[in-house]
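Just so it is clear: chains get the letters A, B, ... in the order the sequence lines come, proteins before strands, and each one is counted from 1. Side chains included, hydrogens not; waters and symmetry mates left out as well; all remaining heavy atoms used.
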2 protein chains.
Amino acid sequence: MTRCQRTHSRCAVATKESLIRSATELFAHHGLDGVSVESIAQKAGVNKALINYHFGGKERLYTEILRTTLAEARRRVDELRDSSRSPEDVLRDFVAAFHNLATVARPHFPALLLREVLTGGRRFDEEIVPHILGLFEGVAGVIERGVREGVFRPVHPFLAHLGIIGSLVFFYATEPRRRRIASELKLPVVMPTANDFVAHIQEVILYGIAAGPRRTENTQKES
Amino acid sequence: MTRCQRTHSRCAVATKESLIRSATELFAHHGLDGVSVESIAQKAGVNKALINYHFGGKERLYTEILRTTLAEARRRVDELRDSSRSPEDVLRDFVAAFHNLATVARPHFPALLLREVLTGGRRFDEEIVPHILGLFEGVAGVIERGVREGVFRPVHPFLAHLGIIGSLVFFYATEPRRRRIASELKLPVVMPTANDFVAHIQEVILYGIAAGPRRTENTQKES
DNA sequence: GTCTATAGGCTGATAGAC
DNA sequence: GTCTATCAGCCTATAGAC
């Protein structure tokens, strides 16, 4: 219970932050429709009327969370994309940055983004769209550069972007649930850590799109 | 409006199928909590009381849809996994089968599975768990075999499974929405088709985990 | 089997006291 | 800024007519 020094009452900013923190976790877990304002307020330890006072309603709170979370993700991609390093290294950096974002800085970013896209992205307004574009341009851009410089095979940048982002978003969005589900289902496997996954996916992606001679025959779609 | 030959009234089976079809699409798009029984009934063209009569409530209808959808996916994986073909070919077949399932037979399978895992898989009961296990064992099993036979690098089967399934589930679960969103956002890219994606992902996966000499240096996590 | 009518609970939002 | 009290609307489920 953070208290202001002068008023001896709970700071407004502390209330807002508490609400945002609680709502972020609940929205990521249950979706906008699966969360009641009552449950958000209870988890935050404040009155539910304050959601309307500070944010103007449940939906506006959701949109604000989506916007700030995507802004943070975009900021990190922008920091990396114009690097002078090799395309391989930049791609590795993207994966490492995603890992850090999804495990430390914004652990609910993957689930929030995924849920929003699943439902049709109806909240992708003028404030959010640039962030989505930034993410896309970052990954697809470095792949395009790698293809141009001849270090990557001529893969389609957008498809490669989707494959990479798909793996990452799926893994981190489902990671906390999967651990519990896997143990309940008695999955016959030792659960690797998220760190193991980062190393694996960096390796597989780079082996997968790197230029150079291969012993594998051409790929085919059907048997 | 399918009618029975003798009763001259709408067949019960037609009603059930119509409800299942409508509910499947709505659940995949909006999630269990985002769909009202009223909207399901309206889309199906029947009365909402019939949802309780035929299925025993909205949640039971949802569980039934989840179960039959996962059963179908599992059935297809089981058909392929014990093939005598090479691990590379079986993996290609898995991807092709997923594509067929996600575009023709059960277009809502990826979104339904994804949403359920995101929310914690609370409906993974004794009837559903074997299907989940079947999917996992199919993909991880063929990778294990490939590693054992020396045609794949010694990747972790479970991590490889997650990376592959993640790409596929993400792509197909978001495909219909992404097309609309991309055009609204004026994404500076020609949208490739799902067929293009299949070819791309088969290629990248096999290049990514195939054994054999590589020109790429060792993978590292941080810059 | 299907429909109408309705019960009963929960939800999001707000007015007003402090 | 925060809380209590409350309302109107929507929700799921069901009883009962046909």
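- The aromatic rings of A:Phe197 and A:Tyr172 sit perpendicular to each other, their planes meeting at more than 60°, with 30° as the lower class boundary.
- If you take CD of A:Glu38 and P of D:dC3, they are 12 Å apart, rounded to a whole angstrom.
- In this entry the distance linking CD of B:Gln42 with C1' of C:dT4 reads 16 Å, nearest Å.
- Among D:dT12, C:dT11, D:dT14, the nucleotide with an atom closest to any side-chain atom of B:Val37 is D:dT12.
- Under 4.0 angstrom from either OP1 or OP2 of C:dT2 there lies at least one side-chain N or O belonging to B:Thr15.
- Close placement of the B:Phe98 and B:Phe109 rings is indicated, their centers lying within 6.0 Å of each other.
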Distances for protein N or O near nucleotides 4-7 of chain D N or O, under 3.5 Å:
residue: D:dT4; atom: OP2; partner: A:Asn47; partner atom: ND2; Å: 3.3

Just the atom pairs and distances: protein N or O near nucleotides 16-18 of chain D's N or O, under 3.5 Å.
none

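- Atom CD1 of A:Ile51 is separated from atom P of D:dG1 by 16 Å (rounded to the nearest Å).
- In this structure, the CG atom of A:Asp33 is 18 Å from the P atom of C:dC10, given to the nearest Å.
- The pair B:Asp89-B:Arg92 counts as a salt bridge, with a side-chain nitrogen and a carboxylate oxygen less than 4.0 angstrom apart.
- Ion pairing between a basic and an acidic side chain is recognised when a charged N comes within 4.0 Å of a carboxylate O; A:Glu72 and A:Arg76 show such pairing.
- Between the NE2 atom of B:His54 and the P atom of C:dG1 there is a distance of 6 Å, given to the nearest Å.
- For the atom pair A:Ile20 CD1 and A:Ile51 CD1, the distance stands at 11.0 Å (nearest 0.5 Å).
- In this structure, B:Arg81 is not positioned above the aromatic face of B:Phe94 in the sense of NZ or CZ being under 6.0 Å from the six-membered ring centre and within 45° of the axis.
- Between the CZ atom of B:Phe55 and the C1' atom of D:dT12 there is a distance of 16 Å, rounded to whole Å.
- In this structure, A:Asn52 places its CG atom 15 Å from P of C:dT11, rounding to the nearest Å.
- Rounding to whole angstrom units, CG of residue A:Leu19 and P of D:dG1 are separated by 13 Å.
- For B:Leu50, whose side chain is taken as the heavy atoms from C-beta onward, the closest listed nucleotide among C:dG12, C:dC3, D:dT2 is C:dC3.
- Interatomic distance, CZ of B:Arg179 versus CG of B:Leu187, reported as 11.5 Å (0.5 Å rounding).
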Let me check something: any side-chain donor-acceptor pairs from residues 127-144 of chain A under 3.5 Å, sequence neighbours excluded? List them with distances.
residue: A:His131; atom: ND1; partner: A:Arg74; partner atom: NH1; Å: 3.2
residue: A:His131; atom: NE2; partner: A:Glu127; partner atom: O; Å: 3.4

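- When ring centroids are compared, A:Phe170 and B:Phe170 stay outside the 6.0 Å threshold.
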